[in-house]
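Below is one structure; the comments refer to it alone.
Reminder, nothing fancy here: chain letters follow the sequence lines and each chain counts from 1.
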Number of protein chains: 2
Amino acid sequence: MKKKIGVVLSGCGVRDGSEIHEAVLTLLAIDRNGAEAVCMAPDMEFPEVNHLTMEETGAKRNVLVESARIARGSIKNIKDVTAAELDAVIFPGGFGAAKNLCDFAVNGADATIQPDVARLIREMAQARKPIGAICIAPALIAATLGKEYAPTVTIGCDADTAAAITKTGSCHQKCPVTDFVVDLQHKIVSTPAYMLATCISETAQGIEKTVKAVLDLI
Amino acid sequence: MKKKIGVVLSGCGVRDGSEIHEAVLTLLAIDRNGAEAVCMAPDMEFPEVNHLTMEETGAKRNVLVESARIARGSIKNIKDVTAAELDAVIFPGGFGAAKNLCDFAVNGADATIQPDVARLIREMAQARKPIGAICIAPALIAATLGKEYAPTVTIGCDADTAAAITKTGSCHQKCPVTDFVVDLQHKIVSTPAYMLATCISETAQGIEKTVKAVLDLI
């Protein structure tokens, strides 16, 4: 039986959803390591950003429907997924992780977490099942688990984001783009990816190592 | 100076645009081989498909704007790009290659090609610069160049699509998913990817080899 790795998506595009390269590279690394990706996303609206002008259009899109593009239609509503059916879970980055899955992008350490996302992260932590978090997604994990677990995560080296992570009760650790940080006690693995990367191959290196580290912790 | 490889996108999502995995894996392979991707797409509308239900919604999106999601905003209007500034060009698959860049999906061998796409393909062929085509995109190349050049391409082994390719004046060659076909005379490299692939790692294998073969032909 293949290990089942949840991949929580937040839309389809770096400015209003999942960072597409990070999401695809996560799916590739899971498959190449002989595990099975279980894609999921919340069924909720978000403000659309035009990725040519980088401005909000005023229109809304749906996180689950747009995430289905990355998952080629094979995706679940996260409200129907429990930690019991997963061996690990990984959160790719993109602004969607900080704007849709929670509102860290607006409220920092005081972020409100989307309820089903919060439930799944807590279930995974309670079950001591590994959690991977890429790019800005460690801020989501920090905001969800900070007070109770004080996990150690990275977002690379951005001082403001690192300060907000520290304010959640979590610990921020600096990390180069091609590497990752493991919190062995809480089985949380994180990597900076496009928080620092200047090209897709740098992002790929960090994600390949992170996915491997998550699988090794199962 | 890095070699400049055009990557022609057709939207963002397998059912109405570029196949996202194929596009990202193409960008990764270009970067890993030390070349530079130049993403481009036509500025035109297309009918939106909901990737959860796989049905058309009745709404329109814009090929260039949606392709910008895959390119993280770094993308050109294809009408502003000539073969003179490229060392090679690669077309990822997805229905967008057969519905937006041309209408092969509807009209088969009698397909009309989007004018700037047709111009760039012809310029590349005339300059004997390499062309890569992934998944269904070889049908676009066949429909554009068939009568004049009779290129050899693959789409895997689908009999109906292969017949339509033959009808354009091109030659279809069967090919397994992890391999590729080279037409040395016309410097055209093609691979089946998700025409045959059952998982992302199979797609990746074919695309990595195809990109390498395209670069070797420069």
Side-chain angles (χ1 to χ4, degrees), chain A residues 2 11-37 41 43 48-55 57 59 61-77 94 194 197-205 207-208, chain B residues 2 11-37 41 43 48-55 57 59 61-77 94 194 197-205 207-208:
Chain A
K2 284 185 175 182
C12 180
V14 58
R15 289 285 166 169
D16 61 8
S18 284
E19 207 299 308
I20 292 173
H21 301 189
E22 293 173 2
V24 171
L25 295 169
T26 299
L27 297 177
L28 178 63
I30 289 170
D31 189 22
R32 284 206 159 146
N33 281 285
E36 182 186 337
D43 182 5
E48 172 191 284
V49 175
N50 176 316
H51 279 59
L52 206 54
T53 62
M54 296 304 178
E55 284 171 7
T57 64
R61 291 187 177 184
N62 179 287
V63 175
L64 180 58
V65 171
E66 296 310 314
S67 299
R69 293 176 177 271
I70 294 174
R72 295 168 49 82
S74 179
I75 192 163
K76 294 180 177 187
N77 187 328
Y194 276 117
T198 57
C199 59
I200 186 171
S201 58
E202 284 182 356
T203 293
Q205 254 190 284
I207 289 175
E208 283 164 7
Chain B
K2 283 185 175 183
C12 180
V14 57
R15 289 286 166 170
D16 60 9
S18 283
E19 206 300 308
I20 292 173
H21 301 190
E22 293 173 2
V24 171
L25 295 169
T26 299
L27 297 177
L28 178 63
I30 289 170
D31 189 22
R32 285 205 159 148
N33 281 286
E36 182 187 336
D43 183 5
E48 172 191 285
V49 174
N50 176 315
H51 279 60
L52 207 54
T53 62
M54 297 305 177
E55 283 170 10
T57 64
R61 291 187 178 185
N62 179 289
V63 174
L64 179 59
V65 171
E66 296 310 314
S67 298
R69 294 176 175 271
I70 294 174
R72 297 168 48 83
S74 179
I75 192 163
K76 294 180 176 188
N77 186 330
Y194 276 117
T198 57
C199 60
I200 186 172
S201 58
E202 284 182 355
T203 292
Q205 254 189 284
I207 289 175
E208 283 164 6

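- Applying the side chain to side chain contact (heavy atoms under 4.5 Å, CB included) rule to A/Glu202 yields the partners A/Val177, A/Ala197, A/Thr198, A/Cys199; only residues at least two apart in sequence or on another chain are considered.
- Heavy-atom pairs under 4.5 Å with chain B peak, among A/Val14, A/Ile20, A/Asp31, at A/Asp31.
- If you tally non-hydrogen atom pairs under 4.5 Å between each of A/Ile75, A/Asp16, A/Leu25 and chain B, the highest count goes to A/Asp16.
- Applying the side chain to side chain contact (heavy atoms under 4.5 Å, CB included) rule to A/Glu208 yields the partners A/Ala204, B/Arg32; only residues at least two apart in sequence or on another chain are considered.
- Close approach to chain A, defined as a heavy atom under 4.5 Å from one of its heavy atoms, is seen in B/Arg61, B/Leu64, B/Val65, B/Glu66, B/Ala68, B/Arg69, B/Ile70 of residues 61-70 of chain B, taken by number.
- Annotation: side chain to side chain contact (heavy atoms under 4.5 Å, CB included) contacts of A/Ala37 (sequence neighbours excluded): A/Val7, A/Leu27, A/Ile30.
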